[in-house]
Each structure stands twice: as structure tokens, then as C-alpha cells.
Amino acid sequence: MTASNTGRVWKFGDNIDTDVLAPGLYMKGPLSELAKHCLEAVEPRFAKDVKPGDIVVGGRNFGMGSSREQAVMVLRELGVGAVVAPSFAGIFYRNALNLGLLALVCAEASQIRADAVLSVDAANAELRDLDTGKRYTCEALPAHLLQMIADGGLLPNLEKKLKIQRSKEAQA
Amino acid sequence: MVQKTPMTLAEKLVARAAGQDVVRPGEVVTAKVDLAMMHDSGGPRRVAPMLERLQAKLWDPNKVVVISDHYVPAVDAESAGILDLTRKWVKAAGVTKFHDMQGICHVVLPERGHLRPGLFVVGGDSHSPTGGAFGCYMFGVGATEMCGVLVTGEIWLRVPETILLHWTGKLGPGVAAKDMILAMCAKLGMDGGRYQAIQYAGDTIAGLSMQERMTLSNMAAELGAQTGLIAPDAVTRDYLLAAGVPDGEIDITTWHGDAGAKVERHDFDAASLSPMVAAPHSPANSAAVIEHKGVTVDQAYIGACTGAKINDLRMAASVLKGRKVASNTRLLIAPASVRTTAEAAADGTLATLTEAGAILLSSGCGACAGYGAGVLAENETCIASTARNFKGRMGAGSSKVYLGSPYTVAAAAVAGHIVDPRELLS
Ligand code: SF4
């Protein structure tokens, strides 16, 4: 993820659950197969037409349901650049950031137009509608979490930190 | 003098762990973890490969507690292997706070004196909010996050808003904490907690034993909250002293919310509460027991971190005393911990249960999530004192689970069908 990227908006309603994101029926198969069914219950075109960098805009309580990490992994697999919602289910939100998917809490998310093209400025927690110029302010994420997301999630982030620490120790 | 902005209990606990004077809801902070708890299912077998990939050691083996409870005792070679891996890993990692087959983690953790007010604790299990009953900020995390905690001793979190669930009045006979939490699930729904901090308060809560409070905090998970706090008081202190925590380490004065701190408050009346039952397949599907009167049960199960502590067994015994389990059903009881069994044996509770015809099972998660003995066949109906009745959780996919208090479960075992336990108590 770059500091700022651009993508088309895919808009969804309230309470999009982890079964809609990662349907239980396909959970035993490989991630690439599961991803083909992501959100199909509410938008059959999504998995086929979504482009890398596109932005999923949800309603309240996005990602409710089980703690399955696959609900985040499928969005990553499809190249989704960010998920924006007025509120997230807690475990989904934690999973998203820990697995390297930018999740932004945006009180005005319902005002974002379906099919709009937005630029995402993660560092400043701001979205901008490229056609109308309208800006949306999101809740800011601290630098260390932005770095973790940029690294691809908690484990790669830790791996990197430990490597730096070890090479410093080796030099000392 | 500068007027200090009032803070909630949750904010005070998070602020301390984050090393800040003040925190505000919505703010993301990094907290230092005082204690990390894992069990055999989500613990070593999941985090060991990650730690290996990182070639990392534990940040502090003294701050890690491992409790084997899910696959105990082993029922096949696979579960035996998981327990074996857990024992070997604990040894290699230098973890000395290891409780092997001593009971369910959420009950064993406070019972062995690991908790005290003010601590910031993570657990590798969704019912970790149980620790909130002791005035700890405790919540559940997945294996990836647990690995992060084990390496760094830190975790990020979004400072929660506080939802205050305020109870006044005295519970009637045959009505328990389980009925309170089922009533709250019915009213607020399973996402009513919005992953914020729930705090239980009011004179009803103050009058509850530690075990009853644990039932409320445990099922904050069913309300979708991150944690379920109760401000510590003399009841907390007495429990912890008995668990061997030194008096000097039990601070029951600091960990309270300030008057005027911003909370979302909901009020409940204990005196008018009747026994509750959650119908399949959600704890939020709760209504007064009377609504389900007459539903026949193939099995009655008293078990789990939620519903098999010493007071739960005593509730069941008060119904079962001098009675027999109905011939069309079976009553299985899995005490929440080895100490619970010992206590129940010492005060005669156990004899009452077995004389009534209850079948005693080992202390562990058992049938609660389908891990151990006592699972259900296709189309069977069970009433259980557990926390969750999701589809297929206790066995076959078509089985049905009703949830109730130990009074209600014991009464159903005697009648062979769901009844109001108060009919058997008078
Ligand atoms: S007893 Fe049930 S709810 Fe409690 S930790 Fe075990 S599986 Fe989870």
C-alpha cells in the first residue's frame, strides 16, 4: 500500500457479516476459491469486477459474526485497498489491521456515493471524491499501525522489527 | 487547580496500561500487557510455529499462564498429541504458570491467584472478558495477536466507550446471574456491546458472589463487548485473599469510574426478573422460562466456564435434593475445575448431585463446544448452563440447545422437560 491510493467505491449496507465475506460453504477450499465468493450474497459482480485498490464502503457494524481471519484475507486476496465504514465489528477490525488491510472508521461513510472514485490518504485519515472534490474525514490511525499495515500486517511487521534489532545487536 | 476530566473505569485501566494520564474513547493506544493467558486449543499449537518463523522468545515467561482445558482428558491420539505438545512447549519456553487438566481456563485463572484489580490482561479465548469481574481489563485475542503479545509484551487497542448496565433490586429465589445476562442479551442483542467496554453496576451486582459476577463478565462476549467490567469491592478482596493473593496487592479503592464520566446507561430491575431460557440457536433468543415450558429434553448439561462453578453446583443441588433425574433424560455435570469438585465434595453438594442420578464428568470444556464427552446426537434436545447455543456447537448439526441457569437446567432434568425451577424450590 502506498501512502495515497485511488480506487472505485463498492458500497454495501449495514451488518455485512463474516459469512457474506467468507462463506462457510467454501471455507475448506483454498483462499483463491473462497475469494471468488466474497460478498456474492449481496453483490454477485463484486468478486469478478473488483480491481486492485478499490474501496469497500460498508454500513454500521461491518464484519460482524465470527472471528475467522479469512473474512479479511479474501478482501486482501482480491486486492481491496481499504475498507471504510461508520463502525466495524471489533474482531474484524482488529483482524483487518493485523493482517494488513486498511480499515477506516468514517462517520460520514453513508454519504459516499456508490461508484465514486476516491483517493485514500491513510496518513491523514482522509478520503477525497475525485469527481466532486468532497472530502471525508476518518478517525486517524497512529503511525505505528499505519506502518504495520504497510508492512503487510502484524507478523511481517514483527519480522522486520526483529531483523533490524538483531542486526543492530550483531554490529554492537 | 485544573479540573480533571472524569474517566470511566475502562478508561482508567487502559490509561494505566498505556502509560498515559488520560485516554479518550476512539483514541488508539499501545498498552503494556501484565498477563497473557492461553489454552491448549488456541495456545502453543498455534503460536509455536509463528514464534519459530520469527525466531523469537517470550517477552517474559513469568507473565504467561498456560491452562490445558479444551482437549482434557484426551479422547483420541490427536487430542493427546495437542496436550503433549502443550506440555513440551511450556517446559521449553520456561513458562512455570502452567495448569494442566485443573479445570477451565477462565475459572482456574482467578482461582489460582493470577488476577487482581488494575491488571491489563489478554487471553487467547473469546470468553476472556471473565477477568473483568475482578476489575482487570481483560479481553480475547486470536493466535496472530497472541503471538505479537508474546514477543513484544504489548498490544494496540482502541479506547472503548463504556456501556453501563445498571441493576437494582434483589433477585428472587431460583433466579441467578445467568438469568440476568440472558435478559440483557434479549434486550441488547448480540452486537449490543459494539465491541466497547461493558460495565455492570448497581446494588444487585454488589450483592452477587464473585462466581455470579464471573458469569456476567464471561457472557459480555455474547453481548459483543470487548470486556465486561465490575469495579472491585470487599467481595473481590475476600475471593482473592482466599486464592492466595497478598492483601497488599489487592487495590479495591483506585479502580472505579468517576462520577460524571460519560457512559451509555441501561437500567434493569432484578426483583421482577423471572428465570430465563435462550432458545436455539442464539443467546439473544431469550425469554421467560414459561415460554418454553414443556419442551422435552434428551440431556441436561451443567458445565462450562459460565455454568459449573461451585455456586452453580450448589444451585443445582438445591433443586435436586431428595429428587431423581427423570427416566426420559440424563443429567451430565462437569465441574468447572478440580478445586470446584473438591469443594463440592467437602460440603456435601456432590453427594446430592450423584444421589439424584447425575453423571459426573471431568473438569474441562467437555461438551460445551463439542470437544469432549457429552455431545449430542442428530435431532436431540439439550438444556445447558453453558454460554452459547449456536447451531451444532454441542454435537450433531440438527441438535438443539436451550440455555438456562443451573436451577433451570436441574429442574428440567427432574421433570424431563423445561419447567420454571421455582416450582421445585418452594
Ligand atoms: S467451557 Fe466452553 S465457553 Fe468456556 S472456555 Fe471452554 S469451550 Fe469456551
Side-chain angles (χ1 to χ4, degrees), chain A residues 14-19 24 60-73 85-100 103-107 125 138-149 151-163 165-166, chain B residues 18 24-30 42 46-47 49-57 59 122 124-126 129 139-152 154-161 189-197 220-221 223-227 388 390-393 397:
Chain A
D14 291 343
N15 296 313
I16 292 294
D17 66 46
T18 49
D19 243 297
R60 279 181 305 128
N61 203 23
F62 189 90
M64 67 172 262
S66 81
S67 60
R68 65 182 70 155
E69 293 190 324
Q70 286 91 336
V72 172
M73 285 151 70
S87 66
F88 288 92
I91 297 179
F92 177 89
Y93 180 76
R94 295 195 73 86
N95 284 345
L97 304 193
N98 286 323
L99 292 168
L104 291 170
V105 177
C106 176
C138 309
E139 283 180 18
L141 287 169
H144 69 94
L145 284 189
L146 289 171
Q147 186 58 54
M148 181 179 85
I149 296 164
D151 289 343
L154 178 60
L155 283 190
N157 173 254
L158 272 177
E159 208 165 17
K160 193 177 94 178
K161 280 190 193 155
L162 289 170
K163 223 175 246 165
Q165 196 182 319
R166 282 175 192 139
Chain B
R24 287 286 158 243
E27 183 183 344
V28 175
V29 297
T30 300
R46 302 285 315 280
V47 297
M50 297 187 210
L51 290 168
E52 216 154 279
R53 169 179 155 190
L54 297 173
Q55 294 178 300
K57 280 197 168 46
W59 102 101
V122 297
D125 187 273
S126 64
F139 63 105
V141 297
T144 306
E145 291 223 84
M146 181 54 81
C147 177
V149 169
L150 292 177
V151 174
T152 63
E154 293 179 347
I155 192 164
W156 65 271
L157 82 156
R158 216 162 155 257
V159 179
E161 294 155 23
M190 285 196 71
D191 60 353
R194 304 194 313 271
Y195 206 58
Q196 306 302 317
L223 287 169
Q226 186 176 43
T227 190
R388 285 180 181 155
F390 300 154
K391 209 165 186 300
R393 181 174 163 92

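Within every chain, numbering begins at 1; the chains are lettered A, B, ... in the order of the sequence lines, protein sequences first and strands thereafter.
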Interchain contact, [X] with chain B, by part (heavy-atom threshold 4.5 Å):
{"X": "A:R60", "result": "neither"}
{"X": "A:N157", "result": "neither"}
{"X": "A:E139", "result": "side chain"}

Proximal component of B:V151, with respect to chain A [non-hydrogen, under 4.5 Å]: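 When you check distances to chain A, only side chain atoms of B:V151 fall under 4.5 Å.
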
Residue part contacting chain A, namely of B:S126, when any heavy atom lies under 4.5 Å: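 B:S126 has no heavy atom closer than 4.5 Å to chain A.
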
Could you state the interatomic distance from OG1 (B:T30) to CG (A:L145), rounded to the nearest 0.5 Å?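 Reported to 0.5 Å precision, the distance equals 6.5 Å.
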
Let me confirm one number: the CG-CZ distance from A:L162 to B:R53, rounded to the nearest 0.5 Å.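 Rounded to the nearest 0.5 Å, the CG-CZ separation comes out at 11.0 Å.
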
Name the option with the most non-hydrogen atom pairs under 4.5 Å to chain A; the candidates are B:Q226, B:M50, B:R194, B:Q55.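 It is B:Q55.
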
Results of ring pair (Phe, Tyr, Trp, His ring centres under 6.0 Å) for B:F139 - residues two or more places apart only: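 Partners of B:F139 by the ring pair (Phe, Tyr, Trp, His ring centres under 6.0 Å) criterion, ordered by chain and then number, come out as B:F120, B:Y137.
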
What heavy-atom pair brings [X] and [Y] nearest, and what distance separates the two atoms?
{"X": "B:W156", "Y": "A:R94", "result": "O-NH2, 2.5 Å"}
{"X": "A:L158", "Y": "B:G148", "result": "CD1-CA, 3.7 Å"}
{"X": "A:L154", "Y": "B:E145", "result": "CD2-CA, 3.8 Å"}

What parts of residues 85-92 of chain A touch chain B if we use heavy atoms and a cut-off under 4.5 Å?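 Listed by number, the contacting residues are A:G90, A:I91.
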
Mind checking whether B:D191 and A:N15 have side chains closer than 4.5 Å, heavy atoms only?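 Yes, at least one pair of side-chain atoms sits under 4.5 Å.
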
